Asker: 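This is the structure I have questions about; it appears just below.
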Amino acid sequence: EALLSLCGHQVRVAADGRIGIARALEAPPDVVLCDLGLPGGMDGYAVARELRRLLGRRIARMIALSGYGTAEDQRLAREAGFDLHLTKPVDYGALETLIAESPQAAPQGA
């Protein structure tokens, strides 16, 4: 959150999947970064499926960030609606590049 904010991105954080979905419905984000292992009974796969069902491509890019990095995890992420799957630890420079390449995701003031 802090690094993205310092780079000029507006960042909203959610403590669990249900809160994240509610915030996305209030103001659809350009990019969603979502862990796959979330508290609260709704994993990141379920969040992605629900966001794609409710908002479709109004969210330009959804990126799974997870310690789960097997080929199966990556396949499940794609099937759930994620555009990309990054395994932790994530290189911040690479993440910033992926965000910058997303349609509609330029930092504020850019």
Side-chain angles (χ1 to χ4, degrees):
E1 173 189 11
L3 286 172
L4 291 171
S5 293
L6 285 172
C7 288
H9 297 285
Q10 288 185 346
V11 179
R12 289 178 288 151
V13 177
D16 64 40
R18 294 185 202 300
I19 293 170
I21 290 169
R23 290 193 177 152
L25 292 175
E26 290 168 4
D30 295 325
V31 177
V32 169
L33 304 176
C34 184
D35 201 336
L36 295 179
L38 298 173
M42 184 177 217
D43 66 18
Y45 302 117
V47 170
R49 284 189 294 273
E50 188 68 0
L51 287 175
R52 286 296 186 212
R53 184 182 75 78
L54 295 169
L55 297 173
R57 290 290 163 185
R58 288 179 55 200
I59 299 173
R61 181 168 277 178
M62 292 198 334
I63 303 172
L65 298 176
S66 182
Y68 308 132
T70 68
E72 177 72 0
D73 297 319
Q74 293 176 26
R75 182 186 66 76
L76 291 170
R78 280 190 310 277
E79 288 177 358
F82 285 105
D83 300 297
L84 299 164
H85 179 285
L86 302 176
T87 304
K88 295 177 186 177
V90 174
D91 175 83
Y92 180 75
L95 178 60
E96 177 62 25
T97 298
L98 291 171
I99 292 170
E101 290 173 351
S102 295
Q104 308 164 335
Q108 295 297 313

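Note that these values count all heavy atoms, side chains included, but never hydrogens, waters or copies made by symmetry. Given the structure is predicted, the values throughout are model-derived calculations rather than measurements.
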Asker: Where do Arg18 and Gly41 come nearest, in terms of heavy atoms and distance?
Answerer: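 Minimum heavy-atom separation between Arg18 and Gly41: NH2-O, 4.5 Å.
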Asker: Under the rule for side-chain contact (heavy atoms from CB on, under 4.5 Å), what residues qualify as partners of Leu76, not counting sequence neighbours?
Answerer: Tyr45, Glu72, Glu79
Asker: Indicate yes or no: at least one non-hydrogen side-chain atom of Phe82 is less than 4.5 angstrom from one of Ser66.
Answerer: no
Asker: Might you point out which heavy atoms bring Met42 and Gly17 nearest each other, and give the distance in Å?
Answerer: SD-C, 4.0 Å
Asker: Of the non-hydrogen atoms in Arg12 and Ala27, which two are nearest, and what is the gap between them?
Answerer: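 Here Arg12 and Ala27 meet closest at NH2-O, 2.6 Å.
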Asker: Would you give the length of the straight line joining atom CG of Leu65 to atom NE2 of His85, rounded to the nearest 0.5 angstrom?
Answerer: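 Atom-to-atom, Leu65:CG and His85:NE2 are 8.5 Å apart.
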Asker: Hey, mind stepping through Leu3 and Leu95 against side-chain contact (heavy atoms from CB on, under 4.5 Å) and telling me if it holds?
Answerer: CA-CA 11 Å; Leu3 286 172; Leu95 178 60; over 6 Å; no
Asker: First locate atom OH of Tyr68, then atom NZ of Lys88, and finally report the distance between them rounded to the nearest 0.5 Å.
Answerer: 9.0 Å
Asker: Can you list everything that forms a side-chain hydrogen bond (donor to acceptor under 3.5 Å, both in side chains) with Thr70? Sequence neighbours excluded, please.
Answerer: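 Partners of Thr70 under the side-chain hydrogen bond (donor to acceptor under 3.5 Å, both in side chains) test: Asp73.
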Asker: Could you tell me which residues satisfy side-chain contact (heavy atoms from CB on, under 4.5 Å) with Ile19, sequence neighbours excluded, listed by chain and number?
Answerer: Ala14, Ala15, Asp16, Arg23
Asker: So which heavy atom on Ala24 is nearest to which on Leu51, and how close?
Answerer: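 Minimum heavy-atom contact is CB-CD2, 3.6 Å.
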Asker: Pairs in or reaching into residues 39-54: which pass salt bridge (Lys or Arg N to Asp or Glu O under 4.0 Å), with residues at least two apart or in two chains?
Answerer: Glu50-Arg53, Arg52-Asp83
Asker: Which distance, rounded to the nearest 0.5 Å, do you find between the CZ of Arg61 and the CG of Leu33?
Answerer: 10.5 Å
